[in-house]
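Structure first, commentary second.
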Amino acid sequence: MTAILFGSISTLADTSEIQRDAFNRAFAEHGIDWQWDREEYAGLLASSGGRDRVAAYAEERGEDVDADAVHATKSRIYQETLAATEIAPREGVVETIRAAREQGFQVGLVTTTSADNLAALGTALADSVVFDDFDVVVDVSKVGARKPDAEAYTYALQQLGADAADAVAIEDNLGGVASARSAGVAVVAFPNGNTVTHDFGSTRRVEALDLADLRS
């Protein structure tokens, strides 16, 4: 193993509940009578992409909803909330990044969220996780397809000059796991508070990160 690839925002800090709240507040701003509770939201997280999630939800109900506008509002609320909230890295994240650096591993962040969302999280975590120290950072502006497509990982590997067989991905959702696997990257599931009930099948799950464990 030569590279560790964090696969989503919530593999670094569990902001899933902040995201759910941002969706619900966005619905209210747009006059949409939806309220996603934790159980329903957990089920919706089986697919990737917030904008597409809103569009599919509206289609299932035969409702006319501007998914792009709703998602833009959700992203604004999410970013504002991050700026006003004390966010902590998940268990083992800081120690794993530090140990990886000391042992000469490349470390990347491979998402298909927006650059603005990443920037907001980077600011919130600046005292503990410095995004400028990542060897590669991928967001949706760098690739043409969102996860579960493999492109985000293939792009990251190309930028690093790394082989898929020499990398391990850390993912918190099923779409991310599928993306990493499609790129030929070994993956460890590190579910967040709203994906902890998901069935990751044969994918190994961890509750905290540890470099030695990732190498095993």
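Throughout, numbering of the chain's residues begins at 1 and tracks the sequence.
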Side chain to side chain contact (heavy atoms under 4.5 Å, CB included) assessment of Phe6 paired with Leu209: CA-CA 11 Å; Phe6 287 86; Leu209 295 185; 3.4 Å; yes
Could you walk me through whether Val168 and Leu5 satisfy the side chain to side chain contact (heavy atoms under 4.5 Å, CB included) test, starting with their C-alpha distance in whole Å, then the side-chain angles of each, then the deciding distance to 0.1 Å, before giving a yes or no? CA-CA 6 Å; Val168 62; Leu5 305 174; over 6 Å; no
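Within the 3.5 Å criterion, the main-chain N or O of Ala165 finds no donor-acceptor partner in the side chain of Asp163. Counting only distance, with no hydrogens or angles, the side chain of Ser182 and the backbone of Ala178 share a donor-acceptor pair below 3.5 Å. With hydrogens and angles disregarded, no donor-acceptor distance shorter than 3.5 Å links the side chain of Asp116 to the backbone of Leu118. When atom types are taken as modelled, the side chain of Glu151 and the backbone of Gly144 share a donor-acceptor pair closer than 3.5 angstrom. The backbone N or O of Tyr153 sits nowhere less than 3.5 Å from a side-chain atom of Lys147 that would complete a donor-acceptor pair.
Judged by the 6.0 Å and 45° rule, Arg90 forms a cation-pi pair with Phe190. Judged by the 6.0 Å distance and 45° axis criteria, Arg53 is not positioned over the aromatic ring of Tyr57.
Note: the hydrophobic cluster containing Leu125 also contains Val137 (ILVMFWY, side chain heavy atoms under 4.5 Å, direct or indirect links).
Side-chain polar atoms of Asp139 and Ser141 form a donor-acceptor pair below 3.5 angstrom. Counting only N and O atoms by type, the side chains of Ser8 and Asp172 include a donor and acceptor under 3.5 Å apart. For the 3.5 Å distance criterion, the side chains of Asn194 and Arg20 fail to qualify, holding no donor opposite an acceptor.
A parallel orientation is assigned to the rings of Trp36 and Trp34, their planes being inclined by less than 30° (bins at 30° and 60°).
In plain terms, the two heavy atoms of Arg51 and Ala67 that are nearest each other are O-CB, 3.7 Å.
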